[in-house]
> 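Can you keep this structure in mind? I'll have questions shortly.
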2 protein chains.
Amino acid sequence: MALEIKPSQALKLWRQVHLDLVQDAHSDLSVRQTAILLTIYLELPPHTVRGLASRLGVTKPVITRALDSMGKLGLVTRRRDETDKRNVVIQRTVAGALAVEHLADLVTARARELGPA
Amino acid sequence: MALEIKPSQALKLWRQVHLDLVQDAHSDLSVRQTAILLTIYLELPPHTVRGLASRLGVTKPVITRALDSMGKLGLVTRRRDETDKRNVVIQRTVAGALAVEHLADLVTARARELGPA
DNA sequence: CCCGATCGTTACGGGGCCGTATCATTATCG
DNA sequence: CGATAATGATACGGCCCCGTAACGATCGGG
């Protein structure tokens, strides 16, 4: 059951949601951070720094720094893996889940307003 | 003719396209720059710095700097308005149109791959 | 004609993110 | 036990973006 969307509709949707994001003071996430956040909340745990780095095709420091920033915003938490203390397990938070849900609402709402052109 | 999309589909779409953008070396635009680019290419000309600033809810220097960056990438061009030499008219370019088209293809392709959940 | 208003740009200080290289900690294997 | 590998964090230098404030150029009304 694929989602049929015309290129012009896709652009309108993309633009409108981005306008919303720019004006929303709480949405200060970069493209990379958004990709990380959604991967954490959509793919099955556990998530590690290394796993996210290879999944996104970026270096590990990118993930570490993004987790620092998102941690300050309360969107994710880190905990050491007790079975292998080298690993760090990234955990979801209530605030993070709310942010993801907010984004989903934003996209669906703007999609609903799209015209046929 | 609204576009019906479920929240879970919206999130999957958003995530997948963002993963593509992160891995695409040519896509180095921030959220703000993307909003500006799409506004220029989707809304009717003429576009001015002041108009874009008020449309996005940001200050004028933000627009000026974004146009500088996007100009270096060849995505837009500026020209002084001869009738009122205080104004600057932002113009589209072939490279910018291609970039917008590429984004549209990306979104539509990923939407087509979505499952029903 | 002049002075205020408007437009876009630039200057400044601050902060964030990047990639590479390196580090400390921990696990693994001979 | 000791050497090696693996994991995540940190240091460094560089670049880009931000918001505020100021600036030069241009227009327009009195």
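Quick note: numbers below take in every heavy atom, side chains included, and nothing from hydrogens, waters or symmetry partners. Fair warning: this is a prediction, and the values are worked out from it, not measured in the lab.
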> Should B:Arg78 be listed as having a side-chain N or O under 4.0 Å from OP1 or OP2 of C:dT9?
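Answer yes for this pair, as a side-chain N or O of B:Arg78 is under 4.0 Å from OP1 or OP2.
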> Classify A:Ser30 by what it touches in the nucleic acid, base, sugar-phosphate, or nothing, heavy-atom distance under 4.0 Å.
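A:Ser30: no heavy atom of the nucleic acid under 4.0 Å.
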> Ignoring backbone atoms, test whether B:Thr64 places a side-chain nitrogen or oxygen under 4.0 Å from the OP1 or OP2 oxygen of C:dG8.
no
> Given C:dT9, D:dA9, D:dT7, which nucleotide is nearest the side-chain atoms of B:Lys60?
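Looking only at heavy atoms from C-beta outward on B:Lys60, the closest nucleotide is C:dT9.
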> Separation of B:Arg32 atom CZ from C:dC17 atom P, in whole Å?
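Atom-to-atom, B:Arg32 to C:dC17, this comes out as 14 Å.
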> Can A:Leu42 be reached from B:Val107 by stepping across I, L, V, M, F, W or Y side chains whose heavy atoms are under 4.5 Å apart?
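Hydrophobic grouping puts B:Val107 with A:Leu42.
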> Given atom CD1 of A:Ile63 and atom P of C:dG19, what is their separation to the nearest angstrom?
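Atom-to-atom, A:Ile63 to C:dG19, this comes out as 10 Å.
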> Would you mind reading off the distance between B:Asn87 atom CG and D:dC27 atom C1', rounded to a whole angstrom?
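To the nearest whole Å, that distance equals 10 Å.
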> If you draw a 6.0 Å radius around CZ in B:Arg50, do more than 12 non-hydrogen atoms from other residues or ligands fall strictly inside?
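Open.
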> Which value, rounded to the nearest 0.5 Å, describes the distance between A:Arg92 atom CZ and A:His47 atom NE2?
5.5 Å
> Round to a whole Å and report the spacing from CG of B:Asp68 to C1' of D:dC18.
14 Å
> Are A:Arg79 and D:dG8 close enough that a side-chain N or O sits under 4.0 Å from OP1 or OP2?
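So the side-chain polar atoms of A:Arg79 never come under 4.0 Å of the phosphate oxygens OP1 or OP2 of D:dG8.
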> Taking CD from B:Glu82 and P from D:dT26, how many angstroms apart are they, rounded to a whole number?
10 Å
> If you apply the rule side chain to side chain contact (heavy atoms under 4.5 Å, CB included), what do you find for B:Leu29 with B:Ile36, and how did you get there?
CA-CA 10 Å; B:Leu29 296 185; B:Ile36 293 172; over 6 Å; no
> Any residue in residues 43-56 of chain A with a heavy atom nearer than 4.0 angstrom to DNA chain D? Just list them by number, or reply none.
A:Thr48, A:Val49, A:Arg50
> Write down the distance between NZ (A:Lys85) and C1' (D:dA5), rounded to a whole number of angstrom.
19 Å
> Which part of the nucleic acid does A:Gln33 contact within heavy-atom distance under 4.0 Å: base, sugar-phosphate only, or nothing?
sugar-phosphate
> Under 4.0 Å between a side-chain N or O of A:Thr59 and OP1 or OP2 of C:dG19?
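Yes, A:Thr59 has a side-chain N/O under 4.0 Å of OP1/OP2 on C:dG19.
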> Using 30° and 60° as the class boundaries, would you call the ring planes of A:His18 and B:Trp14 parallel, tilted or perpendicular?
tilted
> Is the CZ atom of B:Arg79 crowded by more than 12 outside heavy atoms at less than 6.0 Å?
no
> Starting at CD of B:Gln16, measure out to CG of B:Asp20 and round the result to the nearest 0.5 Å.
5.0 Å
> Compare every heavy atom of A:Leu75 with every heavy atom of A:Thr93, then report the nearest pair and how far apart it is.
OG1-O, 3.1 Å
> Atom CG of B:Leu29 and atom C1' of C:dC17: how far apart are they, to the nearest Å?
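Interatomic distance, CG of B:Leu29 to C1' of C:dC17: 16 Å.
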> For the base of D:dG28, is there a side-chain donor-acceptor partner from B:Arg86 under 3.5 Å away?
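Answer is no: no donor-acceptor pair is held.
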> I want to confirm an ordering. Mapping B:Asp81 and A:Pro61 to their closest nucleotides on DNA chain D, which one lands closer to the 5' end?
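Comparing both residues, the 5'-ward one is A:Pro61.
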> Is there a donor and acceptor pair closer than 3.5 Å between the side chain of A:Arg65 and the base of D:dG8?
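No, the side chain and the base share no sub-3.5 Å donor-acceptor pair.
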> Whole angstroms only, please: what is the CG-C1' distance between A:Leu73 and C:dG15?
14 Å
> Starting the side chain at C-beta, find the nucleotide from D:dC18, C:dA27, C:dG19 nearest to B:Val62.
D:dC18
